[in-house]
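Since the structure comes first, as structure tokens, the remarks are kept for the end.
A, B, ... follow the sequence lines: proteins, then strands. Residue 1 opens every chain. This is a predicted model, so every value here is computed, not measured.
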Amino acid sequence: MRLSTYFLPTLKENPADATMASHRLMVRAGLIRPLAAGIYSWLPMGWRVMKKVMEIIREEMDAIGGQEFQLPALNPIEIWEETGRVEAFGDTLFHIKNRPLVLAPTHEEIFTTIARDNMKSYRDFPQIWYQIQTKFRNEPRPRSGVIRGRQFFMKDSYTFDRSFEELDKSYLLHREAYKKIYSRSGLKFFIVGASSGAMGGTGSQEFMVESVDGEDTCALCDDCGYAANLEVASSAVKPVGRLDDSRSIEEIHTPNAKTIDQVAAFLKVSTDRLAKSLVYKTDDTAVLILMAGNDQLNEAKLTAALGKGAVPMQPEELALSTGAGAGSIGPVGLKNFRIIADKRLEDANELISGANKDDYHIAHVDLMRDVKVDGYYDLRTISAGESCPGCGHQLRVVNAIEIGHIFKLGTKYSAALHASYLDEAGEEKPIVMGSYGIGVERIIACHIEQNHDDNGIKWDKAVSPFDVHLASVNMDNKDVVAAADKVYSDLKEAGIEVLYDDRQGVTPGFKFKDADLLGMPVQVIVGERNLKQGNIELKFRSTGERKVVPSAQVLSEIKSYLAN
RNA sequence: CGGGGCGUGGCUCAGCCCGGUUAGAGCGCUUGGUUCGGGACCAAGAGGUCGUGGGUUCGAAUCCCACCGCCCCGACCA
């Protein structure tokens, strides 16, 4: 491709509204242009990268027996109502105004419908179906360039099996395929145990790229490899436990002591002996949650424990239902509440909690004796430096970008949509499903996050829009042009993708800067200086290494570089 | 949705606080010339409803109100 005729708008200056390196560079290098918040146009250079990433995905999906579909983005709203996901998605689901249609944010419903209508016998299984489709989600706040958009490409696949055992196999196939996809895309990534969230199902894992700009937070053990999203991460923190000296409860006056630290200081006890009470409500139940000391409640874990979402109760409601304000609430004698507690407090005694009376606390609380605890769950948010639950090593807590998520869905969707088959015994069974997603844009953005410097992008050859950036330093010199033209045609003939900067009247410095910004792995620089000796210069973008070689060797040098 | 910031030629920004001629700069663009190995130089040009609407005023990019858009933090995030 000759740059003189290629549409490639590059920018010298950083766009004002881009903060992440990948976002800045994708705009500056002419990969994308913003159209509206969270909506981007892919320009020819960017689309080349997109197609390469999609091709890697296709190859690895096909390798595990995946079959590619292309499904509509416009869906009748009825099938989303059948699975209850119109409500589950809420405002995130785009609705069409003048038809009862929605724009699909994912495709469980349609794929399941196709399976339901066509997969009737146990002989039809297993199946792996996938597509690479534009998804639409009305994100409340799009951000970070293409990383969180309202319209984006997702590779989504779905497996259909007869049993949970067979689902495990399909799930593992995907896990391995995903590792290959991300490795081939030149990404450093890790896998974490994750929360299934509103997707439901029996288990899930996320593929993550460490990044200070990541929206997710993960706990990592560098020793044994434990890795989990903070939504589910646990640590080997000590339980509060029982003290031998168990006394009967006693109300104590604690004026102006509201926070855990204030109460602990006032009573001169360790914060661990305090049981903090938090009040949440679901659509039908008021819930009191007991946490040890200053432990932070993890709302994702709470949702998992309750089986549904819960929101903090407002101050007015608090006073009405407990008789006290936040800071003085406690489990003893509390009516009409479901009471649950963090595992750290399991069967603990000699605790101090609120008395449901402003400025009073109750001491010597024994959760086995004085409180009807409805269950102990892991509800706390772990923090950096706590011990790994696997090996005891200190955990690291890092931000990360989610680039893929694999779910064991089980029968949630097949049950809702009545997708069943007849087994060998002629018995009707629900289809067992898995669903697996990859954010295609995120692979590109993360690749740039991990491979760039102040001058621009450093593409890995696997996803680089072109293999070679050929620059002719002086287009007015006939010899230079002739030599560059020859390199261009030789490379093309050899099947190497080459971008040829043949622009007239562009100074060498400008061309070099553009070459570094665009970031092709190999630069071939044809200039008068070296050509006089019959030489041509190669520059390797990732290392900055330069090499002057005889013109006749250029092709073989490049071939061998690209081959390994 | 809460908090904050921004909106002025294609891009990056100044001017606004303290209203007053033809609204500026750099980059980019056009033409001519000189340059030609790390974002060249000279000269001449083109290009702007100052986000939109309303208000105050003799007079609004500038002050007031409303709305829209974009970015950041938070909430949210199959």
Under 3.5 Å for both donor-acceptor distances, Watson-Crick or wobble: does A75(B) have a partner, and if so which one? none

List the atom of Met50(A), the atom of Phe153(A), and the distance in Å for their closest heavy-atom pair. CE-CD1, 3.4 Å

In whole angstrom, give the distance that lies between atom CG of Asp476(A) and atom P of G33(B). 13 Å

Taking pairing as Watson-Crick or G-U wobble with both contacts under 3.5 Å, can you name the mate of G37(B), or confirm there isn't one? none

What integer distance in Å separates Ile525(A):CD1 from G37(B):P? 12 Å

Return the minimal non-hydrogen interatomic distance between Met1(A) and Tyr488(A), and the atom names on each side. N-OH, 2.9 Å

So which protein nitrogen or oxygen atoms get under 3.5 Å of nucleotides 24-32 of chain B's nitrogens or oxygens?
from	atom 1	to	atom 2	distance (Å)
G26(B)	N2	Glu13(A)	OE1	3.1
C27(B)	O3'	Lys12(A)	NZ	3.3
G28(B)	OP1	Lys12(A)	NZ	3.4

What contact category does Pro15(A) fall into here, base, sugar-phosphate, or nothing, at under 4.0 angstrom with non-hydrogen atoms? sugar-phosphate

Under a 3.5 Å cut-off for both contacts, is U52(B) paired Watson-Crick or G-U wobble with anything, and if yes, with which nucleotide? A66(B)

If you measure from the C1' atom in U52(B) to the same atom in C70(B), how many Å do you get, rounded? 15 Å

Would you sort out whether His447(A) and Ser185(A) count as a side chain to side chain donor-acceptor pair (under 3.5 Å), showing the intermediate values? CA-CA 7 Å; His447(A) 185 278; Ser185(A) 303; over 6 Å; no

Using the P atom as the point on both nucleotides, what is the distance between G24(B) and G47(B), in whole Å? 14 Å

Which of these passes ring-ring contact (aromatic ring centres under 6.0 Å, His included) with Phe69(A): Phe111(A), Tyr158(A), Tyr130(A)? Phe111(A)

Whole-Å P distance, A60(B) and G20(B): 11 Å

Sticking with atom C1', work out how far U62(B) lies from U8(B), rounded to a whole angstrom. 12 Å

Looking only at non-hydrogen atoms, find the nearest pair between Pro9(A) and Leu43(A) and report the distance. CG-CD1, 3.8 Å

Pick the nucleotide of RNA chain B nearest each of Lys511(A) and Phe152(A); which residue has the one closer to the 5' end? Lys511(A)

Base, sugar-phosphate or nothing for Arg546(A)? Non-hydrogen atoms, less than 4.0 Å. base

Interatomic distance where CG belongs to Asp454(A) and P belongs to G39(B) [whole Å]: 15 Å

Within residues 535-544 of chain A, residues whose heavy atoms come under 4.0 Å of RNA chain B: Glu537(A), Lys539(A)

Kindly state each residue pair satisfying salt bridge (charged side-chain N to carboxylate O under 4.0 Å, His left out) with at least one member in residues 202-214 of chain A, sequence neighbours excluded. Glu210(A)-Arg396(A)

Does Thr507(A) place a side-chain N or O at less than 4.0 Å from the phosphate oxygens OP1/OP2 of G39(B)? no

If you take all heavy atoms of Ala484(A) and Ser472(A), which pair is closest and at what distance? CB-CB, 3.9 Å

Gap in Å between the two P atoms, one belonging to A25(B) and one to C42(B), rounded: 15 Å

Kindly give the atom pairs (protein nitrogen or oxygen, nucleotide nitrogen or oxygen) under 3.5 Å for nucleotides 71-74 of chain B.
from	atom 1	to	atom 2	distance (Å)
C73(B)	OP2	Arg141(A)	NH1	3.2
C73(B)	OP2	Arg141(A)	NH2	2.9
C73(B)	N4	Arg141(A)	NE	3.3

Provide the distance between the two P atoms, one in G59(B) and one in C6(B), to the nearest whole Å. 28 Å

Just jot down the salt bridge (Lys or Arg N to Asp or Glu O under 4.0 Å) partners of Lys513(A), sequence neighbours excluded, or say none. none

Need to verify one output field. Residue with the more 5' nearest nucleotide on RNA chain B, Pro105(A) or Asn474(A)? Asn474(A)

Asp216(A) atom CG is separated from C76(B) atom C1', nearest whole Å, by 13 Å

Give me each pair satisfying side chain to side chain donor-acceptor pair (under 3.5 Å) with a member in residues 296-307 of chain A, each pair once, sequence neighbours excluded. Tyr280(A)-Glu299(A), Lys301(A)-Asp378(A)

Under 4.0 Å, heavy atoms only, any strand: does Asp514(A) hit a base, just the sugar-phosphate, or nothing? base

Return the pairing partner of A25(B) with a 3.5 Å limit on both distances, Watson-Crick or G-U wobble; otherwise return none. U12(B)

Over all strands shown, is Arg150(A) touching base, sugar-phosphate only, or nothing at heavy-atom distances under 4.0 angstrom? nothing

What residues form a salt bridge (Lys or Arg N to Asp or Glu O under 4.0 Å) with Arg33(A), not counting sequence neighbours? none

Quick one: side chain to side chain contact (heavy atoms under 4.5 Å, CB included) partners of Asp284(A), sequence neighbours excluded? Thr282(A), Lys308(A)

Answer with base, sugar-phosphate or nothing: what part of the nucleic acid does Glu402(A) contact at a heavy-atom distance below 4.0 Å? nothing

Could you list all the salt bridge (charged side-chain N to carboxylate O under 4.0 Å, His left out) pairs where at least one residue sits in residues 530-539 of chain A, not counting sequence neighbours? Asp516(A)-Lys539(A), Glu537(A)-Arg546(A)

Could you give all pairs that pass the salt bridge (charged side-chain N to carboxylate O under 4.0 Å, His left out) test and reach residues 17-28 of chain A, with sequence neighbours left out? none

Strand partner of G32(B), provided both Watson-Crick or wobble distances fall under 3.5 Å: C42(B)

Heavy atoms only, 4.0 Å cut-off, all strands: where does Met154(A) land among base, sugar-phosphate and nothing? base

C70(B) P sits how many Å from Met20(A) CE, rounded? 20 Å

For Phe94(A), all residues meeting ring pair (Phe, Tyr, Trp, His ring centres under 6.0 Å), sequence neighbours excluded: none

Taking only residues two or more places apart in sequence or in another chain, which ones pass side chain to side chain donor-acceptor pair (under 3.5 Å) with Asp342(A)? none

What's the CG-P distance between Asp453(A) and G38(B), to the nearest Å? 18 Å

At less than 3.5 Å, do the side-chain atoms of Asp516(A) and the base atoms of G38(B) form a donor-acceptor pair? yes

Using purine N1 to pyrimidine N3 plus N6-O4 or O6-N4 for Watson-Crick, or N1-O2 and O6-N3 for G-U wobble, each under 3.5 Å, what pairs with C18(B)? none

With a 3.5 Å limit on both atom pairs, tell me what G47(B) is paired to, counting Watson-Crick and G-U wobble, or say none. none

Using only heavy-atom distances, decide whether a donor-acceptor pair under 3.5 angstrom links the side-chain of Arg503(A) to the base of G39(B). no

Using a heavy-atom cut-off of under 4.0 Å over every strand shown, decide if Asn530(A) touches base, sugar-phosphate, or nothing. base

Write down the distance separating the P atoms in G15(B) and U57(B), rounded off to the nearest Å. 28 Å

Rounding to a whole Å, what distance do you find between Met475(A):CE and G37(B):P? 15 Å

Distance between the C1' atoms of C1(B) and A46(B), in whole angstroms? 46 Å

